[in-house]
**Q** 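If you scroll down you'll find the structure; I have some questions about it.
Sequence lines set the chain letters: A, B, ... in the order given, protein chains first and strands last, and positions in each chain run from 1. Computed from a predicted model, the values in this text were never measured in an experiment.
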Protein chains: 2
Amino acid sequence: MSPYDPSAHPPFAVTVDLVVLTVRRHALCALAVRRGESPYQGQWALPGGFVRTDENLAEAAARELAEETGLRAQQSAGTSPAGTPGPYGGSNGAHLEQLATYGDPDRDPRMRVVSVAHLVLAPDLPAPRAGGDASGARWAPIDDLLQPEQSAPLAFDHARILADGVERARSKIEYSSLATAFCPAEFTVGELRRVYEAVWGVALDPRNFHRKVTGTPGFLVPTGGTTTRQGGRPAQLFRAGGATLLNPPMLRPEV
Amino acid sequence: MSPYDPSAHPPFAVTVDLVVLTVRRHALCALAVRRGESPYQGQWALPGGFVRTDENLAEAAARELAEETGLRAQQSAGTSPAGTPGPYGGSNGAHLEQLATYGDPDRDPRMRVVSVAHLVLAPDLPAPRAGGDASGARWAPIDDLLQPEQSAPLAFDHARILADGVERARSKIEYSSLATAFCPAEFTVGELRRVYEAVWGVALDPRNFHRKVTGTPGFLVPTGGTTTRQGGRPAQLFRAGGATLLNPPMLRPEV
DNA sequence: TTAATAGTGTCTCTTAGACATTATGTG
DNA sequence: CACATAATGTCTAAGAGACACTATTAA
């Protein structure tokens with residue numbers, strides 16, 4: 001480092017942006033807010049906001065999440081990739097983890113902004129509430145946001161951020177029990193399988209999937225209850241177990 | 001976001017910190033620099049420095065890396081986790097990727113500093129050259145840095161950052177060909193195996209390892225040459241192939 | 001020669017993947 | 001009844017792990 005001289009390094013604004021993912025009607029969806037002001041006025045963007053002086057990055061992300069959706073965040077052992085998170089699902093809070101940081105000099109035309117993106121995985125939620133200066137908010141299938149044909153593309157570099165978040169979710173459910181973060185506190189094996197199918201965009205064999213997840217120690221904990229909310233024969237209800245590492249990983253079919 | 005008002009959000013300093021890893025004498029080592037000034041004067045720290053106005057985060061990390069080690073960086077498709085990197089090893093540049101961002105309000109007593117940590121994997125290098133304001137630099141086994149018995153712990157939150165970087169490297173070599181980034185441009189199967197053994201701290205069966213890496217299409221490309229630099233029977237030399245995803249992953253023994 | 005590492009072969013056991021069958025609810 | 005989904009079972013091919021053996025150099 002160069003000798004400490006505050007005037008020697010320029011001021012940055014630091015924001016958090018949120019990639020909030022959920023599974024709705026068999027499709028992976030992300031939360032988008034409509035920008036009420038310039039630049040990119042009227043276009044869709046990821047929710048986010050400035051980090052305050054007295055809060056750390058994860059707190060800022062959790063605060064923005066609460067402001068936009070009312071969701072409580074369940075932080076994954078700080079923002080660190082090496083943390084030892086508790087069980088992903090089974091609680092009322094959404095899973096939150098740091099994703100990546102974006103700091104190209106011209107990513108915001110107003111000033112130099114470094115954005116620390118966070119990834120949130122949540123069960124299917126009621127319609128989002130518009131918060132702050134956003135004149136609207138919606139859940140949109142990620143394909144609609146990444147390859148928009150009707151509307152304008154996402155503001156700033158948010159398409160890139162969203163793509164990175166989706167890729168993180170897709171790869172991480174392969175070797176962790178993170179997929180349970182998309183499920184409510186109690187869920188069936190079939191519901192969990194539909195999460196994998198929606199996130200990966202593939203069809204999985206229900207019989208092999210059932211054998212796999214119920215045979216992995218610590219992955220699922222039966223609650224004793226059953227449900228018929230999916231129709232057909234009553235299915236056992238499970239909570240997410242403590243195991244967060246799937247060994248061997250859940251294998252994604254090759255196309 | 002709240003309406004744009006530069007006075008409404010506080011100024012931050014943004015730095016990059018580097019976790020530079022290499023394998024020396026069968027041990028995973030990290031680059032540490034001695035701080036020449038307060039705070040933490042005289043203690044060891046990770047190399048790093050302030051991000052300049054005209055550069056993005058990866059450029060800042062590559063510049064600091066060159067200043068501290070003379071290494072050229074081989075960026076992994078930007079800083080994004082979703083990038084499609086080229087072959088990891090086989091070139092002269094070190095592998096560089098964004099690790100995570102650390103922004104606790106009190107992590108630097110002088111001012112609010114948000115640090116975007118980067119991970120660098122490099123082949124065994126000559127002794128580092130001290131650069132900038134660092135009054136010394138060395139390669140140290142990571143255990144010495146993380147559980148120091150003789151000296152003071154790493155400055156700031158750098159122990160946490162280093163631990164996160166090590167964990168990232170340990171997990172990523174399992175399902176990618178990233179381990180070749182620790183090797184020189186041409187290397188033998190035995191040399192690659194010693195990388196895995198040093199990073200994971202385990203012993204691997206040389207015969208099964210050989211079958212695994214040579215049997216994975218696109219992982220290794222024979223150069224035609226041989227070497228006896230490890231002693232014993234001459235070994236074939238390989239370059240890193242283009243395949244970056246190991247399917248199935250390289251399995252780490254359970255201790 | 002010994003000592004070192006490189007490289008190939010063989011066996012077993014686990015498991016992913018494909019697919020059949022039975023179980024238990026609702027309309 | 002038909003029809004949905006849940007849950008368990010069977011078979012096969014592939015691969016991980018354990019381990020024996022041969023090959024080729026240097027000292």
**Q** Would you find a donor on one side and an acceptor on the other, under 3.5 Å apart, between the side chain of A:Thr188 and the backbone of A:Leu237?
**A**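 Between the backbone of A:Leu237 and the side chain of A:Thr188 there is no qualifying donor-acceptor contact (under 3.5 Å).
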**Q** Could you check B:Asn208 against B:Arg194 and say which one's nearest nucleotide on DNA chain C is further toward the 5' end?
**A**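 First, find each residue's nearest nucleotide; the 5'-ward one identifies B:Arg194.
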**Q** Would you kindly give the CG-to-C1' distance between B:Leu204 and C:dA6, to the nearest whole Å?
**A**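 About 16 Å, once rounded to whole Å.
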**Q** Under 4.0 Å, heavy atoms only, any strand: does A:Arg193 hit a base, just the sugar-phosphate, or nothing?
**A**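 Sugar-phosphate, backbone atoms only, no base.
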**Q** Among the nucleotides D:dT5, C:dA6, C:dG7, which one has an atom lying closest to any side-chain atom of B:Val189?
**A**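 Between D:dT5, C:dA6, C:dG7, the one nearest the side chain of B:Val189 would be C:dG7.
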**Q** Picking from D:dT8, C:dA6, C:dG9, which would you name as closest to the side chain of A:Arg207?
**A**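 Shortest atom-to-atom distance from the side chain points to D:dT8.
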**Q** Checking B:Thr228 side chain against B:Pro234 main chain: does a donor-acceptor pair fall under 3.5 Å?
**A**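 Not confirmed, B:Thr228 side chain does not pair with B:Pro234 backbone.
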**Q** Heavy atoms only: give me the nearest A:Val199-A:Ile173 pair and the separation to one decimal.
**A**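 That closest heavy-atom pairing would be CG1-CD1, 3.7 Å.
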**Q** Between B:Asp164 and B:Arg168, does at least one N-O distance fall below 4.0 Å, as a salt bridge requires?
**A**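 Salt bridge between B:Asp164 and B:Arg168, a charged N being under 4.0 Å from a carboxylate O: no.
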**Q** Want to settle it: does B:Gln236 or A:Leu251 sit nearer the 5' end of DNA chain C, counting the closest nucleotide to each?
**A**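 On the 5' side of the pair lies B:Gln236.
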**Q** Distance check needed: D:dT22 C1' versus B:Arg233 CZ, whole Å only.
**A**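 One finds 8 Å between C1' of D:dT22 and CZ of B:Arg233, rounded.
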**Q** When the ring centroid of B:Phe219 is compared with that of B:Phe238, is the distance short of 6.0 Å?
**A**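 Centroid separation for B:Phe219 and B:Phe238: 6.0 Å or greater.
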**Q** Roughly how many Å is it from CZ in B:Phe209 to P in D:dG15, rounded to a whole number?
**A**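 In whole Å, D:dG15 P and B:Phe209 CZ are 17 Å from each other.
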**Q** Could you tell me whether A:Arg138 sits above the aromatic face of A:Trp44, with NZ or CZ closer than 6.0 angstrom to the six-membered ring centre and within 45 degrees of the axis?
**A**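 Ring-cation test returns yes.
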**Q** From CG of A:Leu192 over to P of D:dT5, roughly how many Å is that when rounded to an integer?
**A**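 Rounded to whole Å, this separation is 17 Å.
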**Q** For A:Asn247 and D:dA16, give me the distance from atom CG to atom C1', rounded to whole Å.
**A**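 Spelled out: CG on A:Asn247 to C1' on D:dA16 is 12 Å.
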**Q** With a 4.0 Å limit, can you tell me whether B:Lys212 has a side-chain N or O closer than that to the phosphate oxygens OP1/OP2 of D:dG15?
**A**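 For D:dG15, OP1/OP2 do not have a side-chain N/O of B:Lys212 under 4.0 Å.
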**Q** Taking A:Ala235's backbone N and O only, do any of them form a donor-acceptor pair with A:Thr226's side chain (distance below 3.5 Å, no angle check)?
**A**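 Flag not set: sc A:Thr226 to bb A:Ala235 has no pair under 3.5 Å.
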**Q** Let's test your reading of the pairing rules: Watson-Crick or G-U wobble, both distances under 3.5 Å, then write DNA chain D as a dot-bracket string with ( ), [ ], | and dots.
**A** |||||||||||||||||||||||||||
**Q** For A:Pro248, report the nucleic acid contact type (base, sugar-phosphate, nothing); a contact means any heavy atom under 4.0 Å.
**A**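 Since only primed, P, OP1 and OP2 atoms lie under 4.0 Å of A:Pro248, the category is sugar-phosphate.
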**Q** How close or far is atom P of C:dG17 from atom CZ of A:Arg252, stated in whole angstroms?
**A**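 Answer to the nearest Å: 13 Å.
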**Q** Measure CE/A:Met250 against C1'/C:dG17 and give the value in whole Å, please.
**A**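 To the nearest whole Å, that distance equals 14 Å.
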**Q** Checking the side chain of A:Arg211 only, and the main-chain atoms of A:Arg207 only, is there a donor and an acceptor separated by less than 3.5 Å?
**A**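 Side chain of A:Arg211 to backbone of A:Arg207: no pair is present.
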**Q** With a 4.0 Å limit, can you tell me whether A:His210 has a side-chain N or O closer than that to the phosphate oxygens OP1/OP2 of D:dT8?
**A**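 For D:dT8, OP1/OP2 do have a side-chain N/O of A:His210 under 4.0 Å.
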**Q** Test for a donor-acceptor pair under 3.5 Å between the base of C:dG9 and the side chain of B:Arg211, counting only N and O atoms.
**A**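 Donor-acceptor pair under 3.5 Å: no.
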**Q** Among D:dT25, D:dA6, D:dC19, which nucleotide has an atom closest to any side-chain atom of B:Asp205?
**A**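 Selected nucleotide (nearest to the side chain): D:dC19.
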**Q** Please report, rounded to the nearest Å, how far the P atom of D:dG15 is from the CG atom of B:Leu246.
**A**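 Checked: the CG to P distance equals 13 Å.
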